[in-house]
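Here the structure is a predicted model, which means the values were calculated and not measured. Letters A, B, ... are given to chains in the order of the sequence lines, protein chains preceding strands, and every chain is numbered from 1.
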2 protein chains.
Amino acid sequence: MTKKWTPASAADGVEQVLKILEGKWKLVILFHLFGGQVKRFSELEKAIPAITQKMLIQQLRQMEADGIVTRTIYHQVPPKVEYRLTDWGQELCPALDALLKWAENQK
Amino acid sequence: MTKKWTPASAADGVEQVLKILEGKWKLVILFHLFGGQVKRFSELEKAIPAITQKMLIQQLRQMEADGIVTRTIYHQVPPKVEYRLTDWGQELCPALDALLKWAENQK
DNA sequence: CAGAATCCTGGAAGATACTG
DNA sequence: CAGTATCTTCCAGGATTCTG
């Protein structure tokens with residue numbers, strides 16, 4: 001069972017964890033890595049045209065540090081780096097899916 | 001039925017809607033209005049000690065403009081203003097609940 | 001009580017150029 | 001290809017004071 005539901009405890013406990021999702025592009029990136037998708041850096045760049053390289057890396061690195069994405073480096077020329085969700089990251093799916101439904105429901 | 005699932009459409013469609021949740025305090029406020037809770041301005045202030053008046057109003061007004069909270073004014077002295085979720089706002093519950101679960105699951 | 005009106009600052013985000 | 005390294009801009013957020 002989850003702990004007893006009180007607004008205060010919910011707000012307090014969640015507040016920190018939600019920081020993981022903070023950042024202009026985090027959720028957008030997440031949607032592109034859903035369902036076990038594996039994407040190269042350049043693929044993410046193309047998929048999100050409005051983002052700059054700096055922002056893309058920055059957000060990816062933070063997500064990596066927070067343990068929701070994995071970075072796989074292939075030492076070859078030219079370089080190849082793949083990103084995918086960690087198990088912990090995958091567990092976000094239900095939540096993001098619910099958000100997606102909500103978003104679609106608006107139109 | 002929801003539309004066909006593609007990362008691109010998901011990201012695009014959701015991107016705008018998620019702006020509704022942007023802002024340092026939006027989610028915290030939402031958690032305090034969950035389950036049909038009705039709160040006065042001063043109650044929210046007490047419930048979220050770290051927030052400033054300006055921020056509280058600002059975020060509430062944005063949420064009101066976005067159609068997820070309602071503002072009820074009682075013309076009396078002293079003034080009394082109540083906030084509650086709209087139906088549309090209530091539909092966020094499943095999503096936020098999933099986030100809550102995810103957050104709690106971390107520890 | 002529930003705001004409005006100012007002023008101000010840190011840091012997130014962007015632009016651009018360079019590199020192993 | 002997948003990054004670094006700087007420089008710059010911008011505004012969300014905060015502090016403070018005032019008011020119907």
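Atom-to-atom, CD of A/Gln53 to P of C/dA17 comes out at 13 Å; the value is rounded to the nearest Å. Taking atom CD on A/Glu82 and atom P on D/dC1, their separation rounds to 15 Å, with Å as the unit. Whole-Å rounding puts the B/Gln59 CD to D/dG14 P distance at 9 Å. Taking atom CD1 on B/Ile57 and atom P on D/dG20, their separation rounds to 15 Å, with Å as the unit. Taking atom NZ of residue B/Lys24 and atom C1' of nucleotide D/dC11, one finds them 14 Å apart after rounding to whole Å. A/Arg40 has its CZ atom 10 Å from the P atom of D/dG3, to the nearest Å. B/Met55 has its CE atom 13 Å from the C1' atom of C/dA4, to the nearest Å. The separation between A/Glu45 atom CD and D/dC1 atom C1' is 9 Å, rounded to whole Å.
Looking at B/Glu43, its side chain does come within 3.5 Å of a backbone N or O of B/Arg40 through a donor-acceptor pair. Between the A/Glu91 side chain and the A/Trp88 main chain, no donor and acceptor come within less than 3.5 Å of each other.
For the pair B/Trp25/B/Leu56, no side-chain contact is recorded, criterion being any heavy-atom separation below 4.5 Å from C-beta on. Taking the side chain as every heavy atom from C-beta outward, B/Leu33 and B/Val38 never approach each other to under 4.5 Å.
Comparing A/Gln58 and A/Pro79 along DNA chain C, the residue whose closest nucleotide (by nearest heavy atom) sits nearer the 5' end is A/Gln58.
Of the candidates C/dA13, D/dA2, C/dC1, the closest approach to any side-chain atom of B/Ser42 belongs to C/dC1.
Residue pairs meeting the side chain to side chain donor-acceptor pair (under 3.5 Å) criterion with at least one partner in residues 62-80 of chain A, sequence neighbours excluded, are A/Lys26-A/Gln62, A/Arg71-A/Tyr83, A/Tyr74-A/Glu82. Applying the side chain to side chain donor-acceptor pair (under 3.5 Å) test to every pair with at least one member in residues 47-61 of chain B, sequence neighbours left out, gives no pairs at all.
Side-chain heavy atoms closer than 4.5 Å link hydrophobic residues (I, L, V, M, F, W, Y) into clusters, and following such links, even through other members, never connects B/Val77 to B/Ile73.
No N or O donor and acceptor, one from the side chain of B/Lys54 and one from the base of C/dG3, sit under 3.5 Å apart.
Listed by residue number, the members of residues 60-76 of chain A with any heavy atom below 4.0 angstrom from DNA chain D are A/Arg61, A/Arg71.
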